[in-house]
*Asks:* 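Before I ask anything, here is the structure I am working with.
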Amino acid sequence: MPSATDSIEGLRELGLGKRLLTEPAQLAAFGSDGLTAFNEQPLAVVLAESTEEVVAAVRACHAAGLPFVARGSGTSLSGGSVPVAGGVVIALNRMNRVLRVDPDTRTAVVQPGVINLHVSAAAAEHGLLYAPDPSSQSVCSIGGNVAFNSGGAHCLKHGMTSNHVLGIKAVLPDGELVELGADHIGSVGPDWTGMFCGCEGLFGIAVEVTLRLIPIPEAVCTSLAAYDSLKAAGDAVARIVREGLLPVAMEIMDALAMQAAEASVKPGYPPCAALLIVELEGEQEVVDSDRVVLDALLEQSGALHVHSTDDPEERALIWRGRKSAFSAVGWLSPDYIVQDGVVPRTRLGEVLAEIDRMSEASGIRVANVFHAGDGNLHPLILYDGRETGAADRAHDLAGQILRLCISLGGSITGEHGVGLEKREYLSLMFSADDLEMMHRLRRAIDPAELANRGKMLEVT
Ligand SMILES: Cc1cc2nc3c(=O)[nH]c(=O)nc-3n(C[C@H](O)[C@H](O)[C@H](O)COP(=O)(O)OP(=O)(O)OC[C@H]3O[C@@H](n4cnc5c(N)ncnc54)[C@H](O)[C@@H]3O)c2cc1C
């Protein structure tokens with residue numbers, strides 16, 4: 001068994017100097033991610049600055065049999081970027097350049113550490129934007145978005161990250177540099193890019209990503225509809241879609257989530273049990289006519305109050321309130337779990353009523369804020385970790401909610417990934433044969449299971 005010093009000799013030979021971290025105080029900052037329940041000490045952290053350095057670092061890990069974890073901004077909410085004990089973290093956040101924006105092909109080529117929002121900032125001067133908008137978009141990286149196939153409020157109409165990635169330059173777990181996909185839609189052959197998106201880092205490290213950009217819409221209108229129950233707001237969502245309207249976003253917040261947002265960024269939402277935010281975008285004429293239909297539908301769905309606006313500042317404040325909700329819950333509770341599950345949109349009203357019942361029965365407060373149009377729930381389970389057994393009871397409730405999602409024909413994750421947190425639930429969704437197929441695919445690419453070992457799939 002080689003000593004820790006021997007294991008990382010190959011990394012030392014790369015001549016990274018101070019960009020190879022090995023001191024416990026330096027490593028501590030990389031021990032956890034957005035889900036602080038997990039914490040592991042890596043053996044070393046490589047602060048990579050180029051594709052060549054990522055290739056060299058992965059080769060060194062492969063030669064020494066060291067597991068490694070790619071890390072972007074560390075905002076994963078499922079333990080995805082937690083290090084493997086005794087392994088290496090390859091941090092990509094210094095590879096943060098938008099390499100080019102091409103307005104003719106409406107594409108951007110970016111390094112993996114580029115912050116999501118910076119892509120739209122670079123594209124704006126060409127009248128373009130990058131559509132996937134996780135609520136963490138001001139801090140999360142494109143590499144992390146690709147690995148988790150991240151979503152966001154506006155993915156209802158535009159699709160998830162995988163719908164906006166055309167090509168990926170990736171370093172496979174043995175250090176080979178490959179190019180997947182192309183710089184345009186419709187490349188020939190198997191969809192390797194699609195396979196890489198959402199692989200949670202198991203197939204290697206993305207070092208360059210070609211993204212699709214879309215035009216900034218001519219008109220945008222945001223409506224707030226207040227309801228006296230979560231069920232009524234959930235049913236309204238199903239009704240809007242049933243009537244054939246396709247808003248770009250449909251989000252719901254309950255009273256507790258609104259209370260948290262109010263304590264934090266003060267969006268001034270109307271007091272109610274549940275708030276539905278609906279956004280329309282497109283050509284002015286289309287938005288104007290859809291707005292008439294939407295107003296009528298909201299009224300018929302029993303909304304107590306409807307307010308629509310196209311004022312950019314007012315709209316920005318509405319979205320600041322929604323997008324700050326996860327972190328704002330910190331104002332209400334010292335600890336909380338951000339759960340991520342999916343149900344068919346038609347079952348929204350039902351699942352919300354059941355979560356409410358579970359919350360009452362367990363005596364644990366649950367705030368709901370979620371991508372209602374996709375049926376993608378984010379129950380925030382509030383607890384105080386200083387109380388004996390409180391964390392276990394909260395995790396138990398989180399598990400019950402996931403089981404409920406599955407029983408209604410949904411999924412254990414909509415966008416936050418399986419990571420470490422949900423590995424135990426995979427078998428509730430997939431048969432043993434399905435899981436074996438996933439393992440075989442993974443081992444075909446990474447026989448030694450070095451890349452992100454233990455994430456999503458158990459170690460075999
Ligand atoms: C307040 C808050 C709000 C959030 N809102 C949303 C939301 O609306 N929608 C949503 O989908 N998620 C959301 N998230 C979760 C998180 O921000 C996303 O999963 C995001 O994509 C993670 O990006 P990151 O750069 O932080 O990745 P990290 O946490 O660093 O890594 C995430 C995973 O990607 C892998 N990885 C990172 N870089 C690469 C790379 N270059 N190549 C291969 N694998 C890589 C890591 O190994 C890990 O498995 C939210 C998180 C927070 C804290």
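First listed ligand is number 1; within each ligand, the first listed atom is number 1.
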*Asks:* Identify every side-chain donor-acceptor pair in residues 25-33 under 3.5 Å, counting partners at least two apart or on other chains, and give the distances.
*Replies:*
residue	atom	partner	partner atom	Å
Q26	OE1	T22	N	3.4
Q26	OE1	E23	N	3.2
S32	OG	F38	O	2.6
D33	OD1	L35	N	2.9
D33	OD2	S76	OG	3.3
D33	OD2	G79	N	3.4
D33	OD2	G80	N	3.1
D33	OD2	S81	N	3.0
D33	OD2	S81	OG	3.3

*Asks:* Between K455 and E200, does at least one N-O distance fall below 4.0 Å, as a salt bridge requires?
*Replies:* no

*Asks:* Is the closest heavy-atom distance from A153 to ligand 1 below 4.0 Å?
*Replies:* no

*Asks:* Who passes ring-ring contact (aromatic ring centres under 6.0 Å, His included) against H371, sequence neighbours left out?
*Replies:* H378

*Asks:* Find out whether V178 and W192 are in side-chain contact, i.e. whether some heavy atom of one side chain is under 4.5 Å from a heavy atom of the other.
*Replies:* no

*Asks:* Please confirm whether K455 comes under 4.0 Å of ligand 1, counting heavy atoms of the residue only.
*Replies:* no

*Asks:* If we only consider heavy atoms of D33, is any one of them less than 4.0 Å away from an atom in ligand 1?
*Replies:* no

*Asks:* Please confirm whether G80 approaches ligand 1 to less than 4.0 Å, judged on its heavy atoms.
*Replies:* yes

*Asks:* In this structure, does ligand 1 have an atom that sits under 4.0 Å from one of the heavy atoms of H371?
*Replies:* yes

*Asks:* Could an N or O of ligand 1 be found under 3.5 Å from any N or O of D133, whether backbone or side chain?
*Replies:* no

*Asks:* May I ask you to test the T413-F148 pair for a side-chain heavy-atom distance under 4.5 Å?
*Replies:* no

*Asks:* Does ligand 1 have any atom sitting under 4.0 Å from a heavy atom of G151?
*Replies:* yes

